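Here the structure is laid out as structure tokens; the discussion comes afterwards.
Computed from a predicted model, the values in this text were never measured in an experiment. Both ligands and their constituent atoms are indexed starting at 1 by order of listing.
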Amino acid sequence: MAGSAFDRTPDQNAIVEGWTPPEIDVSRAHSARMYDYYLGGKTNFPADRAGAEQALEAFPHLKVGAQANRAFLLRLVRRLAGMGVDQFLDIGTGIPIEGRNTHDAAQAIIPASRVVYVDNDPIVLAHARALLTSNPAGATAYIDADVRDPESILGHPKLTSTLDLDRPLAMLLIAVLPFVPDKPAETLAQLTDRLPSGSYLGLSHLTADNDPAGVGRLVDTYRQTGINTQALTRAEVADLVPDGWEIVEPGVQILSQWLPDADAPAPDPVHVPAYGLLARKL
Ligand SMILES: C[S@@+](CC[C@H](N)C(=O)[O-])C[C@H]1O[C@@H](n2cnc3c(N)ncnc32)[C@H](O)[C@@H]1O
């Protein structure tokens with residue numbers, strides 16, 4: 001067991017230094033824990049930190065990019081909630097961040113919002129309790145599943161008892177498809193197939209468009225660390241959107257340029273190697 005992370009036992013919901021669930025392999029870097037490191041979190045272990053430092057050497061702006069990604073997620077959720085969307089399916093949730101999760105942003109606008117989280121990393125599962133702190137007017141649930149197995153998500157009893165699949169919902173795939181390089185468009189088509197008209201799809205995806213050399217090094221570093229990943233062009237990201245969906249304003253944009261908050265300083269787009277988009281089912 002690698003011991004310096006602060007963790008939360010699922011049983012006690014207490015912060016315990018050095019506690020790691022036994023099923024978690026901390027000897028290898030993992031994307032969720034490397035992302036946690038970029039965001040300044042403490043749920044990462046020496047192998048994750050070593051992998052993250054290598055990635056930062058390859059692409060020194062990665063922390064800016066990770067912050068911009070999380071900020072995009074929260075802006076997207078606030079915008080959707082502002083439009084009246086009150087059901088969210090957040091796939092590739094990541095390690096919770098206090099007060100900066102999908103249900104926090106959604107329920108601040110619509111307290112009765114219902115959110116289902118999905119991730120396949122056991123460390124996210126170990127922290128799931130922090131995602132279940134719903135406003136009593138709404139509901140949250142967590143499903144331990146793989147995005148490549150849509151039926152295990154859409155047919156899961158926790159999903160069907162939390163979300164009403166006959167009403168529009170927002171499916172979020174924020175910074176997860178780069179880790180599913182094998183047929184992401186097919187996966188997305190299967191995931192969105194049974195969503196009702198009026199549903200939304202929000203996604204972000206790594207790109208090398210603005211810095212081919214730097215992001216190329218980053219992708220190579222992840223692969224050498226054992227994490228398969230890929231970057232896509234703007235056109236390829238747009239092509240992920242399934243037939244029968246339309247990309248809505250402001251289109252496919254570098255994350256920090258997707259409806260930025262007027263009062264937040266926008267980082268240089270070259271430092272934010274990912275596109276974001278919002279699409280609506282016709
Ligand atoms: C970079 S983090 C993004 C977290 C969060 N969506 C955000 O944008 O802040 C990627 C997340 O995707 C999850 N992930 C990677 N591959 C997955 C898969 N095949 N199925 C489900 N989740 C996956 C990782 O465990 C990790 O939590």
Side-chain angles (χ1 to χ4, degrees), residues 21 23-26 28-41 43-45 48 51-52 55 59 62-77 88-106 115-128 130-131 142-154 156 159 170-184 186-188 190-191 201-207 218-219 222 225-231 255-256 258 272-278:
E23 68 278 15
I24 292 176
D25 177 4
V26 296
R28 295 179 53 184
H30 192 281
S31 62
R33 302 186 308 243
M34 288 168 69
Y35 181 69
D36 178 73
Y37 180 78
Y38 307 140
L39 291 178
T43 310
N44 49 73
F45 298 91
D48 307 311
F59 187 78
L62 203 45
K63 289 185 180 176
V64 175
Q67 293 286 0
N69 181 68
R70 194 72 184 192
F72 166 73
L73 163 70
L74 297 174
R75 286 202 308 283
L76 185 64
V77 172
F88 293 82
L89 175 53
D90 179 345
I91 304 176
T93 302
I95 294 164
I97 305 172
E98 195 176 353
R100 303 191 74 217
N101 304 300
T102 294
H103 73 282
D104 299 309
V115 179
V116 172
Y117 293 106
V118 178
D119 206 290
N120 72 340
D121 184 351
I123 197 123
V124 182
L125 174 65
H127 285 264
L131 296 168
Y142 182 82
I143 300 173
D144 180 25
D146 194 307
V147 66
R148 292 165 295 187
D149 183 2
E151 188 47 39
S152 71
I153 299 172
L154 295 171
H156 197 288
L159 184 136
M171 180 180 282
L172 308 177
L173 288 139
I174 310 301
V176 57
L177 291 178
F179 302 108
V180 188
D182 190 26
K183 302 190 180 160
E186 283 83 344
T187 301
L188 210 45
Q190 287 169 20
L191 277 169
L201 169 66
L203 63 87
S204 70
H205 202 292
L206 184 68
T207 185
L218 178 64
V219 168
Y222 263 82
T225 313
I227 302 169
N228 199 6
T229 187
Q230 74 176 357
L255 297 178
S256 53
W258 193 94
V272 180
Y275 286 118
L277 68 82
L278 179 64

To the closest 0.5 Å, what do you measure between CD1 (I97) and OH (Y35)?
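One finds 6.0 Å between CD1 of I97 and OH of Y35.
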
As an exercise, state the distance from CG of N120 to CZ of F179, rounded to the nearest 0.5 Å.
11.0 Å

Specify the protein heavy atom at minimum distance from atom 8 (O) of ligand 1: its residue, its atom name, and the distance to 0.1 Å.
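It is N69 ND2, 2.7 Å.
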
Closest non-hydrogen protein atom to atom 24 (C) of ligand 1, residue and atom name please, with distance?
D119 OD1, 3.5 Å

Contact partition for T93 relative to ligand 1, non-hydrogen atoms under 4.0 Å:
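The backbone, only.
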
Counting heavy atoms under 4.0 Å, the part of A145 that contacts ligand 1 is backbone

Polar-atom distance check: [X] versus ligand 1, any N or O pair below 3.5 Å?
X    : answer
V147 : yes
D146 : yes
D90  : no
Y35  : yes
D121 : no

Under 4.0 angstrom from ligand 1, any heavy atom of M34?
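Outside the 4.0 Å threshold, so no.
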
Taking the minimum heavy-atom distance to atom 23 (C) of ligand 1, which of N101, L73, N120 ranks first?
N120

Closest to atom 4 (C) of ligand 1 (judged by heavy-atom distance), picking from A175, A32, G92, A66
G92

Answer yes or no: is there a side-chain heavy-atom contact under 4.5 Å between Q230 and P184?
yes

Using a 4.5 Å cut-off on heavy atoms from C-beta on, say whether the side chain of V115 contacts that of N101.
no

Identify the two heavy atoms, one from S31 and one from I227, that lie closest to each other, and give their separation to 0.1 Å.
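Nearest heavy atoms, S31 then I227: N-CD1, 3.7 Å.
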
Got more than 12 heavy atoms from elsewhere within 6.0 Å of CZ, R28?
no

Hey, which atoms in ligand 1 end up nearer than 4.0 Å to a heavy atom of R148?
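So the atoms of ligand 1 that pass are 19 (N).
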
